[in-house]
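Remarks on the structure that follows.
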Amino acid sequence: MSNNRRSPFLPVIIAVIVVLVVAIIWWFKPNDNSKLSSQTVSTVLDSQASAKSTDEASSDSGMSKKSKQSTIKFTTGLESLPRSLQGTDVDGEIIIDENKQLVVTEGLRRLFDYFLSALGEEEEATIYARVESYIRSHTPEPAASQALAIFDQYVAYLKAIPEIEKKYGTLQLQATQSGELDLNVVTQQKQDVARLRQQRFNKETIIAFFGAEDEYDDYSMEMVRISQNAQLSDAQKEAARQDYISRMPDNATKTNIAQQANLNELMTRTEQMQAKGATPEALYNMRRELVGAPAAARLAQVDQADASFDKRFNQYQAQKQQLLTQSANQSQTQTQTQINQIEQQLFNEAERKRLTGYAALQQQKTADMN
């Protein structure tokens, strides 16, 4: 399952980091394997809730008793899954202790998001019935009821998020039009989100559900703050970044950041070495130093595949151009048939799907060089 779950203020940071050419930090954002973002889930939930009558709409309990009622009965919650979930494994986890008490983890949030990702395909009541059946068929009491109570809280939280986003959206848009992020607005939004979480969850759940995400948000904001500091030289900015990272606790977030830094350097050095005509052996040695021998070997295979494709693409373009030049003596249909035959001779099915985009990319490169 793959979802890009984001915190309510991260879309703003994404836009600015792109402007500042540091968007690559998002490639390793924690929990980037979730199926659907919380922002998307909250939007769908909000629109569904507004479409219901007042007595059916969810309030502080997350889902009202009426909204929980579903005409579909489940045993495990996995019967007749919607199309988007068919063929997938249930993401997340339910952990209990020796006393059958629920141990709240980030995996529980991923479990909720797995089923909530079907919003739009299924009604809220059906999804609640799925979640309840799945939890009760896999979890003893009292942990099952504890998990369902948190699910109610989580849905209520997601429904409340759009109001905060709406409140700060216009302010942030005005700020980013100047090319910089207003960190004061972001801080205020973070505070509102934090208060909302405190209203809906206990401290244990907040840390489990949002701890890693918040840590990465803080890191992202600090990187933006350093980048926007006009009083620092490039060298001082880099030193400030490294100092902040060195003071972070040794955990998965810090490991992801280190991997991202290696990727940044890998991309930069690869481009530089290829521009200078580096040999495959030299590229392999550099990559092995940065990302290890297995990854370096895979990248070497990618290089070979790209070189092969590029060679065949140039051959294809030459033959295609020749046919188009000679097309005056035959119909357009005949010419296209011959072009299709060349494509099938030179490329497999997956490669043929790349041709249009690859041709456009090559044209753009040529235009940039001129």
Q: Please determine, by modelled atom types, if Asn340 and Gln336 share a side-chain donor-acceptor pair under 3.5 angstrom.
A: yes
**Q.** Expected output: side-chain Asn99 to main-chain Gln101 donor-acceptor under 3.5 Å
**A.** no
**Q.** Positive for ring-ring contact (aromatic ring centres under 6.0 Å, His included) with Phe112, one of Tyr157, Tyr128, Phe151
**A.** Phe151
Q. Do Ser145 and Glu141 have a side chain donor and acceptor closer than 3.5 Å?
A. yes
Q: Quick one: sort the Phe309 and Phe313 rings into parallel, tilted or perpendicular, breaks at 30° and 60°.
A: parallel
(Q) I'd like to know if the side chain of Ser246 reaches the main chain of Asp243, judged simply by a donor and an acceptor atom lying under 3.5 Å from each other, with no hydrogens or angles considered. (A) yes
Q. If Ile, Leu, Val, Met, Phe, Trp and Tyr residues are connected whenever their side-chain heavy atoms lie under 4.5 Å apart, and connections chain through other members, are Ile94 and Val155 in the same group?
A. yes
Q: Measure across Phe209 and Ile150 and return the closest heavy-atom pair with its distance rounded to 0.1 Å.
A: CZ-CG2, 3.8 Å
Q.
Using 0.5 Å steps for rounding, measure from the CD1 atom of Ile164 to the CG atom of Leu196.
A. 4.5 Å
(Q) Could you check whether Asn229 and Gln236, counting side-chain N and O atoms only, form a donor-acceptor pair closer than 3.5 Å? (A) no
(Q) Could you check whether Lys167 pairs with Glu163 (Lys NZ or Arg NE/NH1/NH2 to Asp/Glu carboxylate O, under 4.0 Å)? (A) no
Q. Side-chain donor-acceptor pair under 3.5 Å between Gln321 and Gln317, yes or no?
A. no
Q.
Can you tell whether the side chains of Glu349 and Arg352 come within less than 4.0 Å, N to carboxylate O?
A. no
Q) Rounded to the nearest 0.5 Å, how far does OG1 of Thr187 lie from CE of Met221? A) 4.0 Å
Q: Fit a plane to each ring of Phe201 and Tyr154, take the angle between them on a 0 to 90° scale, and name the class: parallel (under 30°), tilted (30 to 60°) or perpendicular (over 60°).
A: tilted
Q: Give the ring-plane orientation class for Tyr134 versus Phe115, where under 30° counts as parallel, over 60° as perpendicular and anything between as tilted.
A: tilted
Q) Are Arg130 and Glu121 close enough for a salt bridge, meaning some N to O gap below 4.0 Å? A) no
